[in-house]
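Quick caveat: nothing in here was measured; it's all calculated off a predicted structure. Side chains included, hydrogens not; waters and symmetry mates left out as well; all remaining heavy atoms used.
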Amino acid sequence: MTRYSYSRVDLWHKCPYHYKARYIDKLIEIPKLDANSPLILGHALHKGLESGEKAMEQDYFDSYPLITNDQVNEMMKLQILLPKVNDILDNFEGCKFQHEYPIITKDFIGFADLIITTSDGTSTVIDFKYSNHVENYLESGQLHLYKYYLEKLGFNIKHLGYIFIPKTGIKQKQTESLYQFRKRLTEEVSKSKPELVPIKYDDMNVLYFQNTIKEIEAATEYPKNVDHCFSCMPRFAPNYLNAIQDEKGEILMQLPKNVRRKKQMDLKPDIWLYADSYVGKTTFMDQFDDVLMLNTDGNTDNITSPVLPIQDEVKKEGRMTKRKLAWETFLEVVQTLEVSNTEHYQTIVIDLMEDLREACRTYIMDKFNWEHESDGNYGKGWSMVTKEFDNAIKRLKAVGLQIVYISRELRNDITLRNGSVRTTFQPNIDSKTANFLTGTVDITMRAYVNDSDEHLLMLQKQPNIFGGGRFNFKVKEVPLEKDAFIEALKDAQPKDAERPKTKPEQKPLQEQPESAEDTNEEDEPEKPTRRRRTKKTEEPTEEEKPKCKRRSRKAESEPEDEMTPPGEDDEPETIEKAPKPRRRRRRTARKED
C-alpha cells in the first residue's frame with residue numbers, strides 16, 4: 001500500500017501535472033544549487049539546532065560543489081539566527097528532545113522536526129519554518145496530521161506549534177564594498193526575532209487529507225494548475241534529467257530508462273574532469289578503452305583514441321559558401337549514438353565542455369539572426385540556449401554509455417567572514433551551466449600538478465574546489481593514472497557489489513530497435529545525486545529517513561546523510577510562498593518527508 005506524506009498530497013492540490021511527473025512518472029529533478037535555497041538553508045539550520053554551529057556549517061557547505069561569497073553571506077545569517085532559536089528552546093529545559101522523528105504507519109509517512117516530551121509524558125510537536133510568511137503556514141494541515149498519526153504510535157500530544165525564523169533578503173549595492181555589505185547584513189539579521197507560534201488542533205485536516213488520497217487514487221487525468229502552481233511558471237519550472245523540455249519547461253518527451261549499470265560495481269561512472277592547461281586531463285581519459293573523443297579545440301596530437309572534431313565546417317559549392325555549425329555536428333553525433341553504436345564505444349568524452357556550450361549559443365543566435373541572447377524578448381534568448389543545450393546533454397546521457405566532460409580550470413578569490421581570502425578552483429563555465437552539468441554526472445574532479453611535478457587527481461570534496469559526487473572515496477587524491485583511479489573507485493564502493501564481467505552487448509545497426517524506448521525495462525536504476533550525503537531508501541521511495549535522533553541540543557556530531565529542511569516535506573514550495581516575481585527554489589532529486 002502506498003504511504004502518503006503531507007507534501008505528496010499538498011503537491012496534488014497545487015498541481016496534478018507535477019504530481020504525476022514526480023510520483024507516477026518518477027522524473028528526476030536536477031537540483032538548483034542557489035546559495036539561498038530554502039531547502040538547504042532549512043536543513044542546515046535544523047542540523048545546527050541538533051548538533052551545534054560547527055555541524056551546521058559543514059552541513060551547509062557540503063551541499064555545494066564550491067563555496068563562494070554568496071554561501072559565506074548566507075552562513076553569516078545562520079550563525080546569527082542559531083543562538084536566537086536556541087534561546088526559545090532553552091525554555092524547555094529538562095525535557096526530552098527528539099529531532100526528525102519518523103512517523104511511519106501503513107498509510108502515512110512523515111518526519112516531525114522536533115518532539116519535546118515533558119516528565120509527565122505529554123509531548124509538544126514543533127515545526128521549524130525559515131520564512132517571513134507566517135500566515136501561509138497557520139492554515140497548513142501538516143502538524144495536525146503529525147498529531148493524529150503520532151497518537152496512533154502511542155504519543156500523548158498536547159500542544160502543536162511553529163517556530164518561525166525570519167529571513168533577510170537584502171543584496172549588496174553597487175556602491176558597497178563586500179565589507180560594508182556584510183556589516184549592514186549583520187545589523188539587519190541581528191534585528192530578527194524568531195517566535196514560537198502555537199496552533200490549535202483541528203481533526204478536519206485529517207479527514208481532508210484522507211479524502212484527498214481517495215481522490216488521487218481514483219484520478220485518471222492530471223491537468224496543470226497554472227494559477228496556483230509555482231513550478232508551472234516557465235522561469236521556475238523544474239529541469240528534469242530524464243525528460244526533453246522546451247523553453248517554457250513543457251515536457252516534450254520522456255527519455256527511456258538507463259538500466260545498463262544497475263546492481264553492479266560502477267567502474268565507468270559519468271565524470272566531469274577539469275584542470276589547468278597541460279595537466280594531462282585528455283591523456284588521462286585516453287588511457288581508457290573504447291573511447292570516442294568529441295574534440296573542440298584540436299589538441300589531439302598526443303592521444304590514440306578515435307577523434308571526431310566538433311567544429312564549424314565551411315564548404316564551397318560553386319559560388320556559394322555553406323557553413324555547418326559545430327553544434328549541428330554534435331547533434332548528428334548524438335542522433336547516431338541514439339540509433340546505434342556500431343563501433344562498440346563504451347565512453348564518450350567531450351573535450352572541451354565550455355566550447356560545446358558556446359557552440360550551442362552560436363547556433364541559437366545564428367538560427368534567429370541575433371547578435372546576443374538579449375535580442376530575444378523577456379529572457380527568451382537565454383532560455384532557448386539553455387533548453388537547447390540541456391536537452392542535447394540529456395539525450396546523450398540516455399544513450400547509456402559512459403559520458404565524460406572535460407573543461408579547463410578557472411580560479412577566483414572569495415572573502416571569508418574573518419576577512420581572509422581563499423582561492424577557489426572551478427570549471428571554466430558559467431555557474432548555472434555548471435550546476436546543471438554536475439547534476440548529470442556521478443563525480444566531478446579536479447586534476448592538478450603539485451610542487452613536486454606530480455600529476456594528481458583530487459577525489460574527496462574540498463570547500464574551495466568545485467567537485468564532489470556519490471562515491472565515498474577513502475583517499476584524498478591519487479596519481480592521474482587509470483589504474484590508480486580504478487582502484488580508488490573500487491574501494492569507494494561496497495565490497496559485495498557485483499562487478500561487471502563483460503562489456504554490455506551492442507547490436508549492429510540492422511538489429512537495433514526502431515526506437516530507443518523499445519529497450520526500456522520497468523525498473524529504474526539508482527541515479528547519482530549531487531551530494532554524497534543524499535541516499536535513496538527502498539521503502540518508501542518518495543521519502544527519506546533521518547540518520548540519527550538528537551541526544552543533546554548542544555552536542556556536536558557528524559553531518560547527517562540527509563538534505564531535509566526543518567518541517568518540510570517533498571515540496572520546496574511549502575517552505576515559502578513565492579514572492580512576485582522573484583524566483584524560488586525548485587526541488588530535484590532531493591526528497592524529504
Check step by step if side chain to side chain donor-acceptor pair (under 3.5 Å) holds for D286 and S305.
CA-CA 6 Å; D286 188 46; S305 298; 2.5 Å; yes
Donor-acceptor pair, distance only, cut-off 3.5 Å: does the side chain of E332 make one with the backbone of T336?
no
Salt-bridged, D413 to R422, with N to O below 4.0 Å?
no
What I'd like to find out is whether the side chain of I40 reaches to under 4.5 Å of the side chain of Q71, using heavy atoms alone.
no
Does T362 use its side chain to pair, donor to acceptor, with the backbone of E358 at less than 3.5 Å?
yes
Look at K474 together with D491 and state whether they make a salt bridge at an N to O cut-off of under 4.0 Å.
no
Without hydrogens or angle criteria, can the side chains of K171 and N73 be said to hold a donor-acceptor pair below 3.5 Å?
no
Within a strict 4.5 Å, meaning less than it, do heavy atoms of the Y345 and V291 side chains meet?
no
Residue pair N428 / S407, side-chain donor-acceptor N/O under 3.5 Å:
no
T282 side chain near F284 side chain, heavy-atom distance below 4.5 Å
no
Taking atom types as modelled and ignoring hydrogens, do the side chains of D301 and N299 form a donor-acceptor contact shorter than 3.5 angstrom?
no
To the nearest 0.5 Å, what is the distance between CD1 on I251 and NE2 on H18?
7.0 Å
Once rounded to the nearest 0.5 Å, what's the spacing between atom OG1 of T283 and atom CD1 of I303?
9.0 Å
With rounding to the nearest 0.5 angstrom, report the OG1 to OH distance, T438 to Y405.
9.5 Å
I'd like to check K26 versus N242 (side-chain heavy atoms, cut-off strictly below 4.5 Å). Are they in contact?
no
With a 4.0 Å cut-off, would you call E354 and R357 a salt bridge?
no
Between Y17 and Y222, is the ring centroid distance below 6.0 Å?
no
Side-chain donor/acceptor of K268 to backbone N/O of I403, under 3.5 Å
no
With a 4.0 Å cut-off on N to O distance, would you call D312 and R323 a salt bridge?
yes
With distance as the sole test, does N391 use its side chain to make a donor-acceptor pair with the main-chain N or O of E388 at under 3.5 Å?
no
Do Y274 and T444 pass the side chain to side chain donor-acceptor pair (under 3.5 Å) test, and can you show the C-alpha distance, the side-chain angles, and the key distance before you say yes or no?
CA-CA 8 Å; Y274 69 97; T444 302; over 6 Å; no
Any side-chain to backbone donor/acceptor pair from Q245 onto A237? Under 3.5 Å, distance only.
no
Run the side chain to side chain donor-acceptor pair (under 3.5 Å) test on D34 and S37 for me, step by step, so that the C-alpha distance in whole Å, both residues' side-chain angles and the decisive distance to 0.1 Å come before the verdict.
CA-CA 5 Å; D34 300 303; S37 164; over 6 Å; no
Apply ring pair (Phe, Tyr, Trp, His ring centres under 6.0 Å) to Y448 and list each qualifying residue two or more places apart in sequence or on a separate chain.
none
Within the structure provided, determine whether I364 and W327 are in side-chain contact (heavy-atom separation under 4.5 Å).
no
Flag, side chain of H455 to backbone of V449, donor-acceptor distance under 3.5 Å
no
To the nearest 0.5 Å, what is the distance between SG on C360 and CD on E328?
11.5 Å
What distance separates D483 CG from Q287 CD, expressed to the nearest 0.5 Å?
7.5 Å
Is it true that D289 and K482 make a salt bridge, defined as a side-chain N closer than 4.0 Å to a carboxylate O?
yes
Close side-chain approach of M293 to M285, heavy-atom, < 4.5 Å:
yes
Verify the neighbour count for atom NZ of K315: are there more than 12 heavy atoms of other residues, nucleotides or ligands below 6.0 Å?
no
So, R408 and D297, do they make that salt bridge, N to O below 4.0 Å?
yes
Would you check if M458 and E477 make a side-chain contact, meaning some heavy-atom pair closer than 4.5 Å?
yes
Taking T415's backbone N and O only, do any of them form a donor-acceptor pair with N69's side chain (distance below 3.5 Å, no angle check)?
yes
If I take atom CG from residue L308 and atom CZ from residue F330, how far apart are they, to the nearest 0.5 angstrom?
11.0 Å
Does any N or O in the side chain of T424 come within less than 3.5 Å of the main-chain N or O of N412, such that one atom is a donor and the other an acceptor?
yes
When you look at D390 and R395, which way does the salt bridge (Lys or Arg N to Asp or Glu O under 4.0 Å) test go after all the steps?
CA-CA 9 Å; D390 291 2; R395 288 174 56 194; over 6 Å; no
Against Q402, only a single residue in D290, T347, D266, D270 fulfils side chain to side chain donor-acceptor pair (under 3.5 Å); can you say which?
T347
